[in-house]
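Right, one structure below, let's go through it.
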Amino acid sequence: MRVVVTGGAGFIGSNLVHYWSAQHPEDSVTVVDALTYAGRKESLADLEGKPRYEFRHVSINDAAAMASAVRGADLVLHLAAESHNDRAIGAPLPFVETNVLGTAVLLEACRRADVPRFHHVSTDEVYGSLALDDPGRFSESTPYAPRGPYSASKAGSDHLVRAWHETYGLATTVSNSGNNFGPFQFPEKLIPLAITRLLHGGKVPLYGDGRNVRDWIYVLDHCAAIDRIARTGRPGATYLVSAENELSNLEVVRRILRLSHRGEDAIDWVADRQGHDRRYALDSRRLREELGWTPAVSFDDGLRRTIDWYSGHESWWAPLLAPVARSEAR
Ligand code: NAD
Ligand code: TDX
């Protein structure tokens, strides 16, 4: 099979390319990535020169490049996106450009090339925010209610994918997962930011009251879910992906502090994020019951593996720290 992975040099994308090459060594994998600040070609360095691996430094917004990349593909896995909420608050337009317009350009290339299977990787944030005391969780039938520029742009992309399925018959699937963590995650997101700050002797910035809740999943469990859904999911269907690890940010940071042998004085309580979603929680019964997926890595085990990886790969992350973070940390 020939598989195209957009955003393959990003966090989830690079884990997915490694996962796919190991699980399906007979497949050839083409990575399409614009190498924004978040795209790190070095995350895929071990695959360079391999006969079944190809890297294309192009944008999903480039129609001609997409037409060429997806020609003859059996499966397109779409992960390319602007992905960080704090950046979206400061500069929202690139999120619309890539996540909405770029997805439309890619879908159109896939339609014209008769790509037999298209999987879109999306987020729980499209469903909005739950109250801390709400007994409910998001399900595939929860109405869309995104609250920020990032989540609104991802919601837009999900709607476009459904439209290309309903209108043109493209065989699409969509997955909406909770917060991922693991190796190769850019040190702007909470877990790698906390780990790398602590490794450099600094403090962890915690927004607001620290009680916001996220539903965490170890990235390789998400990759296994993408594999299952993209190959065996029902065309036109959406699947929520959750390992059922609902934790407050304070609890996540406390566990990182414990594993890093640091005390709570290493928490830097800072101003809250604008429009900060309170809680995400997902019901993934459809994925578990229809497709037989279950997560394999507990939160604590995943966290240990992640801390070990960052401890051993400073050369990957140290050049990526914001200058302010580096000077604070010294
Ligand atoms: P990331 O920011 O680490 O990686 C995004 C990748 O997309 C980078 O390699 C970047 O260079 C590339 N890219 C950006 N704009 C591009 C363009 N115009 N053309 C081609 N490539 C481009 O993001 P991530 O955390 O790996 O997320 C991957 C996908 O999964 C995104 O669609 C995101 O919305 C979704 N997602 C992420 C999470 C999470 O917790 N990280 C959770 C749910 C869903
Ligand atoms: O320094 C920080 N301090 C802090 O308290 C950072 C960076 C974050 N936070 C809080 C904000 C959130 O409540 O931690 C939580 C997690 O923040 P992020 O890591 O920025 O992730 P989030 O905003 O929840 O979005 C993530 O999950 C859904 C990904 O970035 C998205 O791409 C994905 O769709």
Side-chain angles (χ1 to χ4, degrees), residues 5-17 31-41 43-44 56-62 65-66 69 77-89 94-95 97-99 101-103 105-106 120-126 129 146 148 150-151 153-155 157-158 174-182 184-194 197 203-217 219 222-223 226 240-242 247-250 252-253 267-273 275-280 282 325:
V5 182
T6 74
F11 160 49
I12 301 173
S14 58
N15 278 284
L16 181 62
V17 170
V31 169
V32 162
D33 201 293
L35 295 178
T36 67
Y37 80 93
R40 313 304 313 170
K41 218 178 159 192
S43 302
L44 298 166
R56 295 190 182 207
H57 182 188
V58 287
S59 168
I60 57 167
N61 293 74
D62 179 338
M66 287 310 101
L77 301 169
H78 178 35
L79 292 91
E82 289 293 339
S83 72
H84 191 41
N85 274 301
D86 292 325
R87 288 181 192 255
I89 293 165
F95 286 70
E97 176 82 20
T98 293
N99 301 357
L101 190 56
T103 297
V105 170
L106 178 67
H120 177 56
V121 176
S122 193
T123 172
D124 55 4
E125 301 196 14
V126 299
S129 177
Y150 164 69
S151 50
S153 69
K154 290 297 291 187
S157 66
D158 294 8
V174 177
S175 57
N176 298 77
S177 89
N179 285 52
N180 284 229
F181 68 105
F184 297 112
Q185 187 169 28
F186 199 90
E188 63 185 354
K189 307 282 182 1
L190 177 65
I191 288 182
L193 182 134
R197 289 278 177 105
K203 292 187 171 195
V204 180
L206 200 49
Y207 297 166
D209 62 8
R211 293 177 63 217
N212 298 64
V213 169
R214 297 294 182 261
D215 189 340
W216 295 94
I217 182 166
V219 64
H222 185 198
C223 292
I226 292 171
L240 301 194
V241 186
S242 166
L247 293 168
S248 72
N249 295 336
L250 178 57
V252 168
V253 169
I267 297 177
D268 185 11
W269 293 94
V270 299
D272 209 354
R273 174 185 279 172
H276 197 176
D277 287 340
R278 197 55 161 160
R279 171 172 159 248
Y280 306 136
L282 295 165

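Ligands are counted one by one from 1 in listed order, and the atoms in each one are counted from 1 as well. Values below: every heavy atom of this structure, side chains too, minus hydrogens, waters and symmetry copies.
On a distance-only criterion, Val32 and ligand 1 share no N/O pair closer than 3.5 Å. Annotation: Ile60 places an N or O atom under 3.5 Å from an N or O atom of ligand 1; distance criterion only. Residue Asp277 places no N or O, backbone or side chain, under 3.5 Å from any N or O of ligand 2. Every N/O-N/O distance between Glu82 and ligand 1 stays at or above 3.5 Å. For a threshold of 3.5 Å applied to N or O pairs, the pair formed by Pro205 and ligand 2 contains at least one separation below that value.
At a 4.0 Å heavy-atom cut-off, ligand 1 touches Asn61 through the side chain alone. Residue contacts with ligand 2 for Asn249 involve side-chain atoms from C-beta outward but no N, CA, C or O (heavy atoms, distance under 4.0 Å). Only the side chain of Arg214 comes within 4.0 Å of ligand 2, judged by heavy-atom distances.
Considering Leu101, Thr6, Asp33 in turn, Thr6 is the only one that fulfils the side-chain contact (heavy atoms from CB on, under 4.5 Å) rule with Ile60.
For atom 16 (C) of ligand 2, the choice among Asn180, Val121, Leu190 with the nearest heavy atom turns out to be Leu190. The option with the heavy atom closest to atom 2 (C) of ligand 2, from among Tyr150, Tyr207, Phe186, is Tyr207.
Between Glu125 and Tyr280 there is a side-chain heavy-atom pair separated by less than 4.5 Å.
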